[in-house]
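First comes the structure, then the notes that go with it.
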Amino acid sequence: MPNQTPLFDRSDTLFGVCEGLGRDFGIHPNLLRIAFGVGLMWNPVFVIGTYVALGVAVYAARFLFPAVQPASASLVAVADTGASDDDRDVTEDRLAA
């Protein structure tokens, strides 16, 4: 995901709150959207206030703790010697002794 647009700059999300929380906590964003939608029926002021507060929290978390981008597979050279994992373990054990 190296060319992915930041959550707050995308045109298909509303501040990216549900998607950001979903990524952080491992929850599908649609479940959060449904929960916010249902909550709007009972107490819209509280839900909108909560949504805005969570939006500020997600934005602050992304600003203060940016995600570390993993190295691209094309930049990482992996040398394969053809030895099996068992051969490598035996060699490492001999070197450790």
Side-chain angles (χ1 to χ4, degrees):
M1 295 186 282
N3 294 330
Q4 188 174 10
T5 306
L7 285 175
F8 298 100
D9 295 338
R10 291 176 42 184
S11 63
D12 61 341
T13 63
L14 184 62
F15 304 121
V17 175
C18 293
E19 190 170 343
L21 290 173
R23 284 184 192 170
D24 292 345
F25 294 108
I27 301 169
H28 198 283
N30 286 341
L31 295 174
L32 296 170
R33 292 176 182 122
I34 291 170
F36 278 116
V38 170
L40 280 172
M41 288 187 258
W42 281 282
N43 195 347
V45 174
F46 177 75
V47 172
I48 292 170
T50 302
Y51 191 85
V52 170
L54 288 172
V56 170
V58 168
Y59 183 75
R62 297 287 189 268
F63 181 73
L64 295 173
F65 309 105
V68 177
Q69 295 294 328
S72 174
S74 63
L75 298 177
V76 177
V78 177
D80 186 11
T81 60
S84 68
D85 290 337
D86 294 331
D87 294 338
R88 289 184 192 130
D89 291 340
V90 170
T91 304
E92 290 172 5
D93 291 340
R94 288 182 187 160
L95 292 174

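Throughout, residue positions are numbered sequentially from 1 according to the sequence presented.
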[X], [Y]: one ILVMFWY side-chain cluster at the under-4.5 Å cut-off?
{"X": "Tyr51", "Y": "Leu31", "answer": "yes"}
{"X": "Ile34", "Y": "Phe46", "answer": "no"}
{"X": "Phe63", "Y": "Phe65", "answer": "yes"}

side-chain contact (heavy atoms from CB on, under 4.5 Å), that's the test. Do Ile48 and Leu40 meet it? Break it down for me.
CA-CA 8 Å; Ile48 292 170; Leu40 280 172; 3.9 Å; yes

Given the rule in the side-chain contact (heavy atoms from CB on, under 4.5 Å) test, do Leu32 and Phe25 qualify, once you have shown the distances and angles that lead to the verdict?
CA-CA 11 Å; Leu32 296 170; Phe25 294 108; over 6 Å; no

Decide yes or no on side-chain contact (heavy atoms from CB on, under 4.5 Å) for Val58 and Leu21, but give the supporting numbers first.
CA-CA 7 Å; Val58 168; Leu21 290 173; 3.9 Å; yes

Would you please test Arg33 and Glu19 for side-chain contact (heavy atoms from CB on, under 4.5 Å) and show each step?
CA-CA 9 Å; Arg33 292 176 182 122; Glu19 190 170 343; 4.1 Å; yes

Any heavy-atom pair between the side chains of Arg62 and Asp24 that's under 4.5 Å?
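Yes, close enough: below the 4.5 Å cut-off.
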
